[in-house]
Asker: 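I'd like to ask you about the structure that follows.
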Amino acid sequence: ITLSLSLSLYSECPLVDVASASNFSCFQLQHFHLDLRLNFAVKEMSGWLVLDLIPIQMGNHILVLDSHPSLLIHSIDCKVPRSGQEEPVSLTYRIDPFTDYGSSLNISLPAAAVKPGRLIEITIRYTTTDGPAIWWLDSELTCGQSRPLVFTQGHSVCNRSFFPCFDTPAVKSTYTATVRVPDGVTVLMSASRSAYSKQDRVFQFSMEFPVPSYLVALVAGELQHVDVGPRSRVWAEPCLLSCAVKKLGGSVEHWLGVAEDLFGPYLWGRCDIVFLPPSFPIVAMENPCLTFIIASILESSEFLLIDVIHEIAHGWFGNTVTNATWEEMWLSEGLATYAQRRITTEAYGEAFTCLETVVRLDALHRQLRLLGDNNPVSKLQVKFEPGVNPSSLMNLFTYEKGFCFVSYLSKLCGDIHRFDHFLRDYISKFKFKSVVAQDLIDYFLGYFPELQGAAVAQREGLEFERWLSGCGPPLYEPDLSGGDPLIQPVQDLCDLWRNIECPDLQTVTSFDLSVWSTFQIVLFLDRMLDHSPLPHGVMANLSSCYSTLFDGLNAEVQIRWLQMVVRNTFYPDLPRVQAFLHKHVRARQHALTYRY
């Protein structure tokens with residue numbers, strides 16, 4: 001009954017997304033089609049977009065879409081299928097400023113065509129230029145340095161510079177695409193089906209499940225693949241492919257199977273992964289059917305494992321059930337982080353998962369010490385003013401405070417496996433829909449009526465409303481003592497170095513970091529960083545013991561050691577900082593310099 005009332009009120013009060021200029025609540029978007037030609041020479045995409053729309057209200061003769069100043073609109077027309085109107089009608093339009101991340105495209109619709117419940121087709125012919133969603137890389141900026149590459153990145157509000165759209169997670173639809181490319185270029189999209197005509201050099205894509213605009217993604221370049229499971233393949237530039245396949249092996253299918261046992265069937269069909277050059281602006285992106293991952297993560301098997309499993313978890317939480325506004329991004333990231341840790345617990349044990357969680361929660365509290373407990377960005381429900389870019393509010397609180405709230409809900413129900421069943425049924429109930437926090441809470445209390453009867457939502461100090469709208473640290477953190485066999489040696493070594501400037505060498509060597517996991521070494525360095533600056537003698541002894549070992553480890557370890565070098569002004573190791581920056585930053589810096 002509570003759920004029904006909530007949904008009734010929701011329908012009477014249309015959702016507002018302050019990050020979108022569009023009037024998305026006035027239309028139902030059934031489907032859209034993209035037809036694009038990629039021109040690497042001038043770094044443009046040109047073609048058209050067809051929107052299948054059904055007006056919801058009488059008397060609304062304006063369609064407002066999210067767009068961007070980098071989109072050049074050439075023409076817009078309208079057709080009414082099966083109405084006897086064969087010829088499209090040309091439409092007038094106006095582009096107005098909206099924010100620094102977009103503009104509004106205001107299209108005047110013919111009054112005779114707009115009737116509630118009747119389908120209209122809007123065709124927009126346009127050309128992309130240098131918008132924030134589209135990253136053109138010259139060949140020297142790719143991993144193989146032999147051919148240029150282009151990729152898109154839509155999260156959170158960038159895809160309005162890829163194509164005009166209702167750029168809000170509240171709107172989902174199916175889509176198809178036709179992409180025309182030069183010879184030798186392979187195109188991939190976040191789509192469930194694809195086909196290629198070699199003669200015409202045309203790729204066809206179809207996404208048969210509804211997705212929000214930010215999950216439409218494209219990459220094109222010299223890409224090859226190897227199947228790594230019955231429903232997954234790895235894509236990369238040829239020079240990276242064997243390494244990527246070796247690192248992932250058959251793990252993807254194993255992780256999918258564990259996730260399905262926990263949360264129900266994987267609904268997207270394909271679960272492919274494409275590795276992108278260092279200029280990819282984030283670590284990974286959960287584009288449905290085709291996860292985008294930065295190639296540099298291949299250096300660290302443990303971080304690769306966590307990032308791929310996290311993106312797999314988004315196949316349920318974020319992609320299948322999506323946050324309806326960016327103010328509640330935790331509904332995607334917090335639930336996906338919880339699901340990721342349930343998967344790693346089943347696949348690799350409690351100790352591994354607790355260690356990874358401690359690393360992340362330490363980082364959360366570190367950020368809180370910098371920002372202060374009253375900083376509004378630490379809220380789960382972040383209310384932002386018009387003009388604020390939602391991407392600027394994506395932070396550790398979205399992930400880790402969201403994870404802690406979901407963990408608290410799991411603790412309330414008293415049985416983690418019972419909570420797994422709740423999440424499975426939550427996905428089934430809301431699949432391919434966009435939700436707000438109240439939908440999750442109402443469904444939770446309806447699913448566990450004994451908890452509703454016990455008024456757990458109003459429990460003093462742990463009120464659900466305080467969880468969502470309160471600043472500061474999580475009100476509850478899960479028991480992580482299961483990680484003590486891996487975590488306690490790290491803390492013991494930290495205590496040894498912090499309390500004695502020149503600890504006994506025999507005692508130090510009893511801690512063999514060469515057999516520690518990446519997460520153990522990262523936790524050690526993070527906690528030593530927390531106590532920096534250190535006495536010069538301590539830094540000299542740390543360098544003598546570990547710097548050669550760290551030189552041979554992955555970037556996640558090296559960057560933390562080099563932060564210690566900088567923070568402690570330890571001059572003897574500054575050449576290591578210079579070498580690291582030369583190796584890891586130059587390619588990305590060149591890409592960004594070229595782009596802007």
Side-chain angles (χ1 to χ4, degrees), residues 29-40 43-53 65-68 70-77 79 105 121-129 131 133-136 149-155 158-167 171-221 223 225 233 235 268-272 274 276 285-292 319 432:
L29 175 61
Q30 284 201 325
H31 180 83
F32 69 88
H33 176 74
L34 284 167
D35 193 304
L36 297 172
R37 182 179 299 276
L38 308 192
N39 188 328
F40 285 84
K43 297 180 173 59
E44 287 182 353
M45 300 184 188
S46 58
W48 60 87
L49 162 75
V50 181
L51 299 167
D52 291 347
L53 295 167
L65 298 174
D66 290 300
S67 186
H68 192 272
S70 64
L71 286 187
L72 305 179
I73 307 297
H74 303 306
S75 67
I76 304 177
D77 58 52
K79 279 201 313 187
L105 176 59
E121 287 184 0
I122 306 296
T123 299
I124 303 172
R125 298 181 184 276
Y126 72 100
T127 299
T128 70
T129 56
I134 304 173
W135 295 65
W136 296 93
L149 183 142
V150 63
F151 63 83
T152 67
Q153 167 57 24
H155 196 286
C158 292
N159 263 358
R160 60 192 68 185
S161 68
F162 181 16
F163 55 95
C165 55
F166 294 137
D167 201 3
V171 174
K172 293 185 172 186
S173 77
T174 58
Y175 80 88
T176 50
T178 300
V179 185
R180 308 163 201 278
V181 293
D183 191 32
V185 173
T186 296
V187 184
L188 309 175
M189 290 192 75
S190 53
S192 51
R193 297 182 183 181
S194 63
Y196 173 55
S197 169
K198 187 173 183 179
Q199 179 180 350
D200 300 322
R201 298 196 302 275
V202 172
F203 287 81
Q204 303 278 359
F205 300 95
S206 173
M207 172 51 86
E208 59 194 300
F209 310 108
V211 295
S213 58
Y214 78 92
L215 291 178
V216 178
L218 176 151
V219 58
L223 299 168
H225 76 270
R233 59 181 44 157
W235 289 89
W268 298 93
R270 300 295 307 174
C271 184
D272 297 340
V274 59
L276 298 176
M285 181 62 206
E286 66 274 14
N287 301 309
C289 306
L290 183 68
T291 292
F292 285 18
N319 294 1
F432 303 127

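Computed from a prediction, not measured in an experiment: that's the story for all the values here.
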Asker: Please confirm whether the backbone N or O of Asp66 pairs with a side-chain atom of Asp167, one donor and one acceptor, at under 3.5 Å?
Answerer: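 No.
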
Asker: CG of Leu38 to CZ of Arg201: how many Å apart, nearest 0.5 Å?
Answerer: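 Taking CG in Leu38 and CZ in Arg201, the distance rounds to 12.0 Å.
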
Asker: What distance do Asn287 atom CG and Phe292 atom CZ have between them, rounded to the nearest 0.5 Å?
Answerer: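 Answer rounded to 0.5 Å: 5.0 Å.
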
Asker: Less than 4.5 Å apart, any side-chain heavy atom of Thr176 and any of His31?
Answerer: yes

Asker: If you apply the rule side chain to side chain contact (heavy atoms under 4.5 Å, CB included), what do you find for Tyr196 with Val179, and how did you get there?
Answerer: CA-CA 10 Å; Tyr196 173 55; Val179 185; over 6 Å; no

Asker: For Phe163 and Leu36: C-alpha separation, side-chain torsions, deciding distance, then whether side chain to side chain contact (heavy atoms under 4.5 Å, CB included) applies.
Answerer: CA-CA 10 Å; Phe163 55 95; Leu36 297 172; over 6 Å; no

Asker: Counting C-beta onward and ignoring hydrogens, is there a side-chain heavy-atom pair between Leu51 and Leu49 closer than 4.5 Å?
Answerer: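 Yes; the side chains approach each other to less than 4.5 Å.
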
Asker: Identify each donor-acceptor pair in which a side-chain atom of residues 186-193 lies under 3.5 Å from a protein atom, sequence neighbours left out, and give them as a table.
Answerer:
from	atom 1	to	atom 2	distance (Å)
Ser190	OG	Tyr175	OH	3.3
Ser190	OG	Leu215	O	2.8
Ser190	OG	Ala217	N	2.9
Ser192	OG	Ser206	O	3.0
Ser192	OG	Glu208	N	3.1
Ser192	OG	Glu208	OE2	3.1
Arg193	NE	Glu208	OE2	3.3

Asker: So does Val202 get a backbone contact from the side chain of Ser197, meaning a donor-acceptor N/O pair under 3.5 Å?
Answerer: no

Asker: Taking side chain as C-beta onward, heavy atoms only, is Phe40 less than 4.5 Å from Val185?
Answerer: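 In short, these two side chains touch, coming nearer than 4.5 Å.
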
Asker: Looking at CG of Asn319 and NZ of Lys172, how far apart are the two atoms once the value is rounded to the nearest 0.5 Å?
Answerer: 7.5 Å

Asker: Salt bridge check, Arg180 against Asp35: does any charged N sit closer than 4.0 Å to a carboxylate O?
Answerer: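 Yes, this pair counts.
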
Asker: Quick one: does Trp268's side chain get under 4.5 Å of Met207's, heavy atoms only?
Answerer: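 In contact.
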
Asker: Say you draw a straight line from CD of Glu44 to OG1 of Thr129; how long is it, rounded to the nearest 0.5 Å?
Answerer: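 The CD atom of Glu44 sits 7.5 Å away from the OG1 atom of Thr129.
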
Asker: Among Ile73, Ile122, Ile76, which residue meets the side chain to side chain contact (heavy atoms under 4.5 Å, CB included) test with Pro164?
Answerer: Ile73

Asker: What are the two closest heavy atoms between Gly154 and Asn159, and how far apart are they?
Answerer: CA-OD1, 3.3 Å

Asker: Hey, could you give me the CD/OH distance between Gln153 and Tyr214, rounded to the nearest 0.5 Å?
Answerer: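 So the gap between those two atoms works out to 11.0 Å.
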
Asker: Phe209 vs Phe432 aromatic rings, parallel, tilted or perpendicular, using cut-offs 30° and 60°?
Answerer: parallel

Asker: Name all residues meeting the side chain to side chain donor-acceptor pair (under 3.5 Å) criterion together with Thr127; count only those two or more places apart in sequence or in a different chain, and write none if there are none.
Answerer: His74

Asker: Would you check if Phe162 and Met45 make a side-chain contact, meaning some heavy-atom pair closer than 4.5 Å?
Answerer: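 They are in side-chain contact.
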
Asker: Run the side chain to side chain contact (heavy atoms under 4.5 Å, CB included) test on Ile124 and Leu105 for me, step by step, so that the C-alpha distance in whole Å, both residues' side-chain angles and the decisive distance to 0.1 Å come before the verdict.
Answerer: CA-CA 11 Å; Ile124 303 172; Leu105 176 59; 4.2 Å; yes

Asker: Shortest non-hydrogen contact from Asn39 to Trp136?
Answerer: O-CH2, 3.8 Å

Asker: Glu121 versus Asp52: any side-chain heavy-atom pair under 4.5 Å?
Answerer: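 Yes, their side chains come closer than 4.5 Å.
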
Asker: So, for Ser161 and Ala133, which heavy atoms are closest and what is the spacing to 0.1 Å?
Answerer: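 Scanning both residues completely, I find the closest heavy atoms to be OG-N, 3.0 Å.
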
Asker: Where is the tightest heavy-atom contact between Thr291 and Glu286, given as atom of each residue plus distance?
Answerer: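 Answer, listing the atom of Thr291 first, then Glu286: OG1-CA, 4.4 Å.
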
Asker: Between Thr178 and His33, is any pair of side-chain heavy atoms under 4.5 Å apart?
Answerer: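 Yes - at least one pair of side-chain heavy atoms lies under 4.5 Å apart.
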
Asker: Rounded to the nearest 0.5 Å, what separation is found between the CZ atom of Phe32 and the OG1 atom of Thr123?
Answerer: 13.5 Å

Asker: Going by side chain to side chain donor-acceptor pair (under 3.5 Å), name the residues that satisfy it together with Ser173, two or more places apart in sequence or in a different chain.
Answerer: none

Asker: Evaluate the side-chain proximity of Phe203 to Leu218: yes if any heavy-atom separation is below 4.5 Å, no if none is.
Answerer: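 Side-chain contact under 4.5 Å: no.
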
Asker: Are the side chain of Asp272 and the backbone of Arg233 linked by a donor-acceptor contact shorter than 3.5 Å?
Answerer: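 Side chain of Asp272 to backbone of Arg233, a donor-acceptor pair under 3.5 Å: yes, one is there.
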
Asker: Can you classify the ring geometry of Trp135 versus Phe151 as parallel (below 30°), tilted (30 to 60°) or perpendicular (above 60°)?
Answerer: parallel

